[in-house]
Amino acid sequence: MPKITITAALPYANGPVHIGHLAGVYIPADICARVQRLRGEEVLFICGSDEHGVPITLRARKEGVTSQDVVDRYHKIIGDSFKELGISFDIYSRTSNATHKELSQAFFKNLYDKGVFKEIRSEQYFDEHAGQFLADRYIVGTCPYCKNEGAYGDQCEKCGSTLSPTELLNPKSALSGSVPVMRETINWYLPLDEIQESFLNEWIGSKSHWKSNVIGQCKSWLNEGLRPRAMTRDLEWGVPVPLEGADGKVLYVWFEAPIGYISATKELRPDDWEQWWTGDSRLVHFIGKDNIVFHCIIFPAMLHLRGDGYVLPNHVPANEFLNLEGQKISTSRNWAVWLNEYLEEMPNRKDELRYVLTSIAPETKDSEFTWKDYQTRVNSELVGILGNFANRVLVLMQKYYEGVMPVVGAVREPFALFDRNLAGVSHPMVRDYISPVVELLNNYQFRDAQFKMMELARLGNKYLAEHEPWKLVKTDAAATAQVLSEAVQVLYNLALLMEPFMPEASERLLLQLGAGASVAERKLFWSANPQGVGQWCELAEGHSLGAAGLLFQKVEDDVIESQIAKLQATAAESAAALGSTVGTNDAAGEVALGIGDVASATVDVLAINAIKPDVS
RNA sequence: GGCGAGGUAGCUCAGCCGGUUAGAGCGCAGCACUCAUAAUGCUGAGGUCGGGAGUUCGAGUCUCCCCCUCGCUACCA
């Protein structure tokens, strides 16, 4: 049986995690990891903070602290909030630790010794004030085409032209505002062009089962023809290039960060980590659409060139972006719902967030989160359909049988929910509900899988409405026992089926059913036969149910209103702050960041412009 | 600008190797029920499937053109 390595994009330690990240990456990845564990697969779920790169140094400079201070702060905030939400990473590591430094340097050295890299000398802009080379993005000047004065060294946002820094008129450093000078430098490039024909075209071509957005993006790059890409940068903050005479150079973040998946595995399993990366192992990357190219082209290219049996990704189910109240999520404009704040302000509503974000997951296109929709989904689906079904069943059971599963004599057809002559995968409930959920999960269709799960709750409500045990109890004791008993079994299986989506609510419900949550029973449910399709599980006659309680609480209007008000207030505040710093030129400062940045987290470059350079 | 992904009911989204009356949830209207957090169940209204042209016996579904949104565009991550 192959091992399964599931990775979730490393969040960039430049800000907290928001609902866009969760909906696109961490919740689907968590559901996937939980399902595999329940099925008894050998799975590792790997993540950690991505702590290098220019934007972190800029934030540190802006705040007058060290880069390490910045990443320490966000690593803690991000890690704690993931843990509290119940994202079940086997490890949440970070790229500033020693294991990672050592392993990524070794990886680079290995490729270097194989003669993989091209050594290329080039002239780059250098900021003498700030004492560092400038990434194209951090050179600001006038666009040669449209004369926009706020154009970046790589692109003019106004007219959309792709630029190179030397084309900019009046170039200035976004760090210090000073005029940069050209300096010669040397960097090591990954020869993507050389392996396009021999490897990448065919490899990508073999991935016809991948999502259209992922394939499309890859083909777009391949069609253009790949070019060598620099794997080192002239920067202080990062993993030093492990070569003589490479002082002041670090590994490119996109070289080193994906290796973070491997180093985190090594940190977790020092003795057998290699089996997860070079053995009989399947690799799945959960990411947002903005880093498809890095996970589908560059990292696979690195692994391929490394050879040594390294596995290539089996699947990269990248998602699109989540919008918030009709607008793109934006860190610089503070237009986001931050996980750490949600957890504080909406206590005991973790599964509600998981549920809502799964039901609107941007699996095929950008999708939309609104607080009103959140309220509706919680109130009408979790409270109204699921919680209510659980509550009606449990209350009726207490009322009529004091919570003890009644003896059901001969099953009478008119009151039966399903044909008891069918078993295993042919069992009607398995065939119509459990198998489809499993199949959708196997297919990475988490939204549909969760919806199908909810249909079982709808079925339960319908079954009660059809047979009306509260009426039946007055005329037909045997039929009442049968109907309520079957309703309990539906609820029990529903509780098991809920687990990957809403682990805490599942646990609560199992407790109310007096079923605890034995591992054996879960395994039976999730992997009872070779297809990996679950088995219908039943509570025995005489079994005592636990105490009934409400599974979910309604979300009141005032809670929603205050969240919306907060969002608008903080956005207005941040707009005012930006406006005062950079005048009218505010919208130009958006730079998307982060390996895990699935929804346009941004930093304001021009605001940094106003900060005194630290020349010491 | 180039490339890629989208544009389907009031809202949020399915459907798209072309094939009978285009689906779901929410919202809305009516009915039923009263075990349940006024929850649930049933029925119904509601769409010229972004616009235009074409291929076809037949087009949300294929082709071409146009409009709009989002992403990528190689030194942001």
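By convention in this document, chain letters (A, B, ...) are assigned in the order of the sequence lines, proteins followed by strands, and residues within each chain are numbered from 1.
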_Base contacts versus sugar-phosphate-only contacts with protein, heavy atoms under 4.0 Å: please encode nucleotides 2-7 of chain B as B, S and - from 5' to 3'._
-BSSSS
*Could you write nucleotides 38-45 of chain B as a row of B, S and -, 5' to 3', where a protein heavy atom under 4.0 Å of any base atom gives B, of only sugar-phosphate atoms gives S, and otherwise -?*
-SSSS---
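With a 6.0 Å cutoff to the six-membered ring centre and a 45° limit on the axis angle, A:Lys328 does not count as a cation-pi contact of A:Phe321.
Look at B:G60: its glycosidic torsion is within 90° of 0, and that puts it in the syn range.
A salt bridge does not link A:Glu320 to A:Lys365: none of the charged side-chain nitrogens sits closer than 4.0 Å to a carboxylate oxygen. Under 4.0 Å is where a charged nitrogen must lie from a carboxylate oxygen, and between A:Glu455 and A:Lys452 at least one such pair does. A salt bridge does not link A:Glu123 to A:Arg183: none of the charged side-chain nitrogens sits closer than 4.0 Å to a carboxylate oxygen. Looking at A:Glu194 and A:Lys118, a side-chain N of the basic residue comes within less than 4.0 Å of a carboxylate O on the acidic one, giving a salt bridge. Here A:Asp193 does not pair with A:Arg227 in a salt bridge; the nearest charged N to carboxylate O distance is not below 4.0 Å.
Here B:G71 is the nucleotide among B:G71, B:U12, B:U37 with the atom lying nearest to any side-chain atom of A:Phe321. Picking from B:U12, B:A36, B:C26 the nucleotide with the shortest atom distance to the side chain of A:Thr376 gives B:C26. Counting only heavy atoms from C-beta on, A:Leu396 has its side chain closest to B:C35 among B:C72, B:C35, B:U12. When distances run from any side-chain atom of A:Lys399 to the nucleotides B:C35, B:C75, B:C33, the shortest one goes to B:C35.
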*Taking it one step at a time, do A:Arg94 and A:Asp50 satisfy salt bridge (charged side-chain N to carboxylate O under 4.0 Å, His left out)?*
CA-CA 6 Å; A:Arg94 56 194 304 185; A:Asp50 174 12; over 6 Å; no
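A:Trp237 places a side-chain N or O within 3.5 Å of a backbone atom of A:Glu51 that can act as its donor or acceptor partner. Side chain of A:Asn323 to backbone of A:Gly326: no donor-acceptor contact under 3.5 angstrom is found.
A:Ser367 comes within 4.0 angstrom of sugar-phosphate atoms only, judged by non-hydrogen atoms across all strands, and of no base.
Across every strand in view, B:G10 sits in a pair with B:C26 that passes the Watson-Crick or G-U test at under 3.5 angstrom. In this structure B:A53 sits in a base pair with B:U63, meeting the Watson-Crick or G-U test at under 3.5 Å. Across all strands shown, B:C16 forms no Watson-Crick or G-U wobble pair with both key distances under 3.5 Å. Partner assigned to B:A38 is none, using Watson-Crick or G-U wobble distances below 3.5 angstrom. With a cut-off of 3.5 Å on both Watson-Crick or G-U wobble distances, the partner of B:U21 is given as none. Judged by Watson-Crick or G-U wobble contacts below 3.5 Å, the nucleotide B:C70 has B:G4 as its partner.
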At a cut-off of 3.5 Å, list every protein nitrogen or oxygen paired with a nitrogen or oxygen from nucleotides 60-65 of chain B, distance to 0.1 Å.
none

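In this structure, A:Leu322 atom CG and B:G71 atom C1' are separated by 15 Å, rounded to whole Å.
Residue-to-nucleotide proximity on RNA chain B shows that, of A:Lys474 and A:Phe451, the 5′-proximal contact is made by A:Phe451.
A:Lys328 has a side-chain polar atom (N or O) that falls below the 4.0 Å cut-off from OP1 or OP2 of B:G71.
Ring centroids of A:Phe255 and A:Phe108 are separated by less than 6.0 Å, placing the two rings close together. A ring-centre distance under 6.0 Å is not found for A:His315 and A:His285.
On the C1' atoms, B:C62 is 8 Å away from B:U55, given to the nearest whole Å. Between B:G51 and B:C68, the two P atoms lie 15 Å apart (nearest whole Å).
Note: A:Phe133 and A:Phe126 have perpendicular aromatic rings, judged against thresholds of 30 and 60 degrees for the angle between ring planes.
For A:Gln124 and B:C75, a side-chain-to-base donor-acceptor distance below 3.5 Å is present, hydrogens and geometry of angles not being considered.
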